[in-house]
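What follows is a single structure, written as structure tokens, with notes after it.
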Amino acid sequence: MHIDRRACLTGGLALVGLPVLRVIPVAAAEAAVLEVAPGVFVHRGRHEIFSPGNAGDISNPGFVVGKEAVAVIDTGGSPIVGGSLKEAIRVVTKAPVRYVINTHMHPDHVFGNVSFEDAETVFVGHHKLTRGLTARAERYLAINQELLGPKAFEGTKIITPSLTVTDSMTLDLGGRTLELTAHPTAHTDNDLTVTDQQTGTVFMGDLLFVEHIPTIDGSIKGWMALLERFSAAPPMRVVPGHGPHALTWAAAADPLKTYLSVVAEDVRKLIRTGKTLSEATETAGQSEKRAWLLFDEYHKRNVSAAFAELEWE
């Protein structure tokens, strides 16, 4: 009997997922956020590509509430998503949004920033985020305008961080401290994690994909090494960039580690036997196809990125 690993993974999440404290409704029911730990809220995006129908709501933004201020971690893929997140915050607290923290440069995590742009809010990111986002700004804006359509795209603009993290940094929300850590190249070259010290919750951004196939825009070797470092001292609770609102480390990380290692192993074998990039994209990692959503949309790009890196080992 064939075992569908994706079906097993999806079913197992009900067993390993962590309890939800509150559901915070907003005007659009699908934009609700869940309280996954005291004062820690997450919205779950869809497993889709950008479209007018989803308005760029395809990643997991969230926020943490302190006694004096709020920190937002990622803002979604459009001003509409950012606005819904802001509405949810106002249901929870009247405290000002002091920080908007972007975990990396991809549009589905930063194009809602404009909804939080005001004199009180500081935008925070990895020290390489501005360079990466600025270099791709024209292409990101053009592509996402086409994918989202005029209504969802209206008002979108690039907002880069005014406060950057080179190594690590702590932010005080009033009786609550967040630790921000800038990582070496992995998913991208500007990945940042955010740890809520009070609850042990770590916002991983796209260093963790669950159900949705991962996308390699940095270094497959760096990503695998980073996951191993986290596994040596696993976080209590993690929020992935795509997938369920919150999970245990093993539930979130193990399938991703398997995918990356399979792709790397297959690509290395093909390189050793003289196969071309074109041949590699047709065969490498195909054993993982049934384990991931959106496999056909992103897998060949991942193989191409891995091949370009690993052929120079």
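What's counted below: heavy atoms across the whole structure, side chains too, no hydrogens, waters or symmetry copies. As the structure is a prediction and not an experimental result, all values here were calculated from the model.
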Is R176 paired with E68 through a side-chain N to carboxylate O contact shorter than 4.0 Å?
no
Are T199 and T201 linked by a side-chain donor-acceptor pair shorter than 3.5 Å?
yes
Taking every non-hydrogen atom, the tightest pair across P240 and L208
CB-O, 3.5 Å
Between Y259 and H299, ring centroids under 6.0 Å
yes
Same hydrophobic cluster for I213 and M224, using side-chain heavy-atom links shorter than 4.5 Å among ILVMFWY?
yes
In this structure, which one of V239, V238, L207 forms a side-chain contact (heavy atoms from CB on, under 4.5 Å) with T193?
L207
Are the aromatic ring centres of H109 and H104 under 6.0 angstrom apart?
yes
What's the shortest heavy-atom distance between V114 and I159, and which atoms?
CA-CD1, 3.6 Å
Has D74 got a side-chain atom pairing as donor or acceptor with G76's backbone, closer than 3.5 angstrom?
no
Can you tell me if CD on E146 sees more than 12 non-hydrogen neighbours from other groups inside 6.0 Å?
no
Centroid-to-centroid, H43 to F63, below 6.0 Å?
no
Flag, side chain of R237 to backbone of G200, donor-acceptor distance under 3.5 Å:
no
Quick one: does any side-chain atom of D196 pair with a main-chain N or O of L178 as donor and acceptor, under 3.5 Å?
no
Can you check whether E179's main-chain N or O pairs, donor with acceptor, with T170's side chain at less than 3.5 Å?
no
Drop me the distance from I158's CD1 to F111's CZ, to the nearest 0.5 angstrom.
4.0 Å
I need the minimum non-hydrogen distance between T75 and L85, along with the two atoms involved.
CA-CD2, 4.3 Å
Enter the distance from D206:CG to D217:CG here, rounded to the nearest 0.5 Å.
10.0 Å
For the CZ atom of F295 and the NZ atom of K289, what is their distance to the nearest 0.5 Å?
6.5 Å
Please check this pair: side chain of T93 against backbone of I89, looking for a donor-acceptor N/O pair closer than 3.5 Å.
no
So which atom in I101 and which in A71 form the shortest heavy-atom distance, rounded to 0.1 Å?
CD1-CB, 4.2 Å
Any donor-acceptor N/O pair, E265 side chain to V262 backbone, under 3.5 Å:
no
How far does NE2 of H183 sit from OG1 of T188, to the nearest 0.5 angstrom?
10.5 Å
Ring centres under 6.0 angstrom apart (H212, Y298)
yes
Drop me the distance from L247's CG to D254's CG, to the nearest 0.5 angstrom.
11.5 Å
Keeping E138 on the side-chain end and A142 on the backbone end, is there a donor-acceptor pair under 3.5 Å?
no
Just how far is it from atom NZ of K67 to atom CG of L173, taken to the nearest 0.5 Å?
12.0 Å
May I ask you to decide if D108's main-chain N or O and H106's side chain share a donor-acceptor pair within less than 3.5 Å?
no
Charged N-O contact under 4.0 Å between R44 and E211
yes
Which heavy atom of S162 sits nearest to which heavy atom of V122, and what is that distance?
OG-CG1, 3.6 Å
Sidechain-backbone polar pair: T134 side chain, R131 backbone, donor-acceptor under 3.5 Å:
no
Test your reading of the model: is there a side-chain donor-acceptor pair from S231 to the backbone of L227, 3.5 Å cut-off?
yes
With ring-ring contact (aromatic ring centres under 6.0 Å, His included) as the test, would you mind laying out the steps for H187 and F209 before giving the verdict?
CA-CA 10 Å; H187 164 60; F209 282 75; 5.6 Å; yes
Closest approach of S219 to G222 (non-hydrogen atoms, all atoms of both residues)
OG-N, 2.8 Å
